[in-house]
Amino acid sequence: ETAEQHAAFEARIARGDKIEPGDWMPAEYRRQLIRMISQHAHSEVVGMLPEGEWISSAPSLRRKLILMAKVQDEAGHGQYLYHAAETLGVDRRELVDALLAGRAKYSSIFNYPTRNWADVGMIGWLVDGAAIRNQTMLAGCSYGPYSRAMVRICSEETFHHKQGKEMIVAYARGSSEQRVMAQDALNRWWWPSVMMLGPHDADSPNSGALSKWGVKLKSNDAVRQEFLNEHVPELLEAGLSIPDPDLHRNEAGDWTHGPIDWSEFWAIIRGERGLGRERLATRQAAHDDGAWVRAAMLTYSERQRAQAAD
Ligand code: 3HC
């Protein structure tokens with residue numbers, strides 16, 4: 001990689017060009033995008049598990065239909081994102097093998113248990129709310145296939161977010177039992193949602209390269225601030241209390257959280273706490289169950305190729 005190539009690449013980034021799969025790019029740019037996009041794809045696929053287990057226990061047909069549609073959307077997001085990663089020259093089987101072998105990360109948020117139906121609403125409101133803030137930022141990123149995937153994903157996430165908020169607001173205004181369930185879900189999902197947007201900027205080793213090359217247009221803390229400023233007023237408006245005694249508005253009017261327990265964050269990511277092991281075991285079982293489908297598709301495509309060659 002010559003200095004001229006880097007200079008030309010950075011001039012393209014500065015101009016706001018979209019970098020496309022066949023374009024020259026620094027090896028580190030490619031590596032960072034493969035790391036980030038594959039983790040994003042893994043997060044979508046593993047993210048189907050916490051909510052999927054509640055589809056059969058939905059309290060009404062309407063809630064069941066909404067949740068089925070949401071979980072199917074997450075599967076589709078995973079497919080877009082594995083495909084976006086493949087445009088960088090990596091094979092999706094390699095990515096999935098890394099996930100199943102515990103060598104690839106996915107979002108910490110999905111290693112928390114869903115204890116009851118109110119969790120489905122809180123995940124929609126908080127987790128999809130955080131994801132929308134992050135993914136709206138990424139929709140402007142310099143890598144073409146990733147930014148275009150984000151545009152499509154964000155439009156579907158908006159529906160996920162709205163349905164979760166509608167559900168929790170209804171419970172917060174409902175019976176005392178529903179109010180208790182909504183508050184309990186907030187108590188368990190608040191801090192994991194604040195943490196899912198990544199370590200503080202000072203502890204974010206990937207942010208330098210990602211920001212320099214126009215992938216991360218806002219820092220982890222900036223996206224977290226957007227998340228707080230949007231969700232704190234709405235949660236308080238719904239009559240819920242936020243489990244952070246230090247939460248306050250600073251002079252600039254920004255909601256400011258108390259200290260984050262990053263030891264929990266890393267323990268959850270390493271699978272030492274939470275459901276990491278169970279999530280990977282479930283993914284491994286699904287992968288094994290689907291082996292015959294992959295074999296059949298491979299045989300079919302080889303036969304198609306042979307017939308086309310005749
Ligand atoms: N969970 C697991 N690992 C995390 C994490 C999280 N929430 N946040 C950070 N990390 C990891 C990073 O991957 C990195 O480890 P690595 O170098 O081994 O990959 C390390 O912690 C240091 O963090 P950095 O801030 O340096 O990492 P990034 O610059 O990559 O920033 C990020 C982290 C903001 C999550 C960024 O990767 C990102 O924007 N990723 C794309 C979006 C994404 O993956 N979202 C996940 C949720 S998807 C979702 O919510 C689906 C929706 O439909 C519900």
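Note that the numbering runs from 1 along the sequence shown for the chain. Whatever order the structure lists them in is the order used to number ligands and atoms, beginning at 1.
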Original post:
For S108, is at least one N or O under 3.5 Å away from an N or O on ligand 1?
Top reply: yes
**OP:** Consider every N or O of D203 and every N or O of ligand 1, then say whether any pair is closer than 3.5 Å.
**Re:**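 In this structure, D203 places no N or O atom under 3.5 Å from an N or O of ligand 1.
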Just wondering, are more than 12 heavy atoms of other shown residues or ligands nearer than 6.0 Å to [atom1] in [X]?
X: R31; atom1: CZ; value: yes
X: E237; atom1: CD; value: no
X: H83; atom1: NE2; value: no
X: R303; atom1: CZ; value: no

Select the closest option to [atom] among [options], judged by heavy-atom distance.
atom: atom 35 (C) of ligand 1; options: M196, M195, H161; result: M196
atom: atom 38 (C) of ligand 1; options: H200, M36, R270; result: M36
atom: atom 47 (C) of ligand 1; options: S107, P50, G47; result: S107
atom: atom 3 (N) of ligand 1; options: V223, D128, I269, D221; result: I269
atom: atom 23 (O) of ligand 1; options: A209, S38, P199; result: P199

Distance from [atom] to nearest protein heavy atom, with residue and atom:
atom: atom 39 (O) of ligand 1; value: N134 ND2, 2.8 Å
atom: atom 13 (O) of ligand 1; value: Q39 NE2, 2.9 Å
atom: atom 21 (O) of ligand 1; value: W266 CH2, 3.3 Å
atom: atom 12 (C) of ligand 1; value: R35 NH1, 4.0 Å
atom: atom 52 (C) of ligand 1; value: E157 OE2, 3.3 Å
atom: atom 25 (O) of ligand 1; value: S204 OG, 2.7 Å
atom: atom 29 (O) of ligand 1; value: K216 NZ, 2.7 Å
atom: atom 18 (O) of ligand 1; value: K105 NZ, 2.7 Å

Just which atoms of ligand 1 are under 4.0 Å from any heavy atom in [X]?
X: E74; value: 52 (C), 53 (O)
X: S43; value: 46 (C), 48 (S)
X: L197; value: 34 (C)
X: Y106; value: 1 (N), 2 (C)
X: Y146; value: 41 (C)

Original post:
Hey, mind stepping through E166 and R62 against salt bridge (charged side-chain N to carboxylate O under 4.0 Å, His left out) and telling me if it holds?
Top reply: CA-CA 13 Å; E166 181 224 17; R62 176 173 175 266; 2.9 Å; yes
Is [X] touching ligand 1 with its side chain, its backbone, both, or neither, if touching means heavy atoms under 4.0 Å apart?
X: L210; result: side chain
X: L138; result: side chain
X: P205; result: both

**OP:** Output yes when a protein non-hydrogen atom is found under 4.0 Å of atom 43 (C) of ligand 1, and no otherwise.
**Re:** yes
One thing to verify: whether [Y] and [X] come together as a salt bridge, which I'm taking to mean a side-chain N less than 4.0 angstrom from a carboxylate O.
X: R188; Y: D184; result: yes
X: R30; Y: E1; result: no
X: E94; Y: R103; result: no

Subject >> Step-by-step side-chain hydrogen bond (donor to acceptor under 3.5 Å, both in side chains) determination, D288 to Q284 >> reply: CA-CA 6 Å; D288 296 345; Q284 183 67 59; 2.9 Å; yes
Original post:
Is it true that the side chains of N187 and Q183 contain a donor and an acceptor less than 3.5 Å apart?
Top reply: yes
Original post:
Do you reckon L126 sits in the same ILVMFWY cluster as F159, going by side-chain contacts under 4.5 Å, direct or chained?
Top reply: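 No, it is not one cluster - the side chains of L126 and F159 are not joined through contacts under 4.5 Å.
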Subject >> Qualifying residue, where the test is side chain to side chain contact (heavy atoms under 4.5 Å, CB included) with H160 and the options are I66, L67, D73, I123 >> reply: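 Single pass found, and it is D73.
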**OP:** Give the intermediate values and the outcome of ring pair (Phe, Tyr, Trp, His ring centres under 6.0 Å) for residues W262 and H200.
**Re:** CA-CA 10 Å; W262 293 109; H200 285 310; 5.3 Å; yes
**OP:** Could you tell me how the ring of Y143 sits relative to the ring of Y29: parallel (under 30°), tilted (30 to 60°) or perpendicular (over 60°)?
**Re:**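 Rings of Y143 and Y29: perpendicular, as their planes differ by over 60°.
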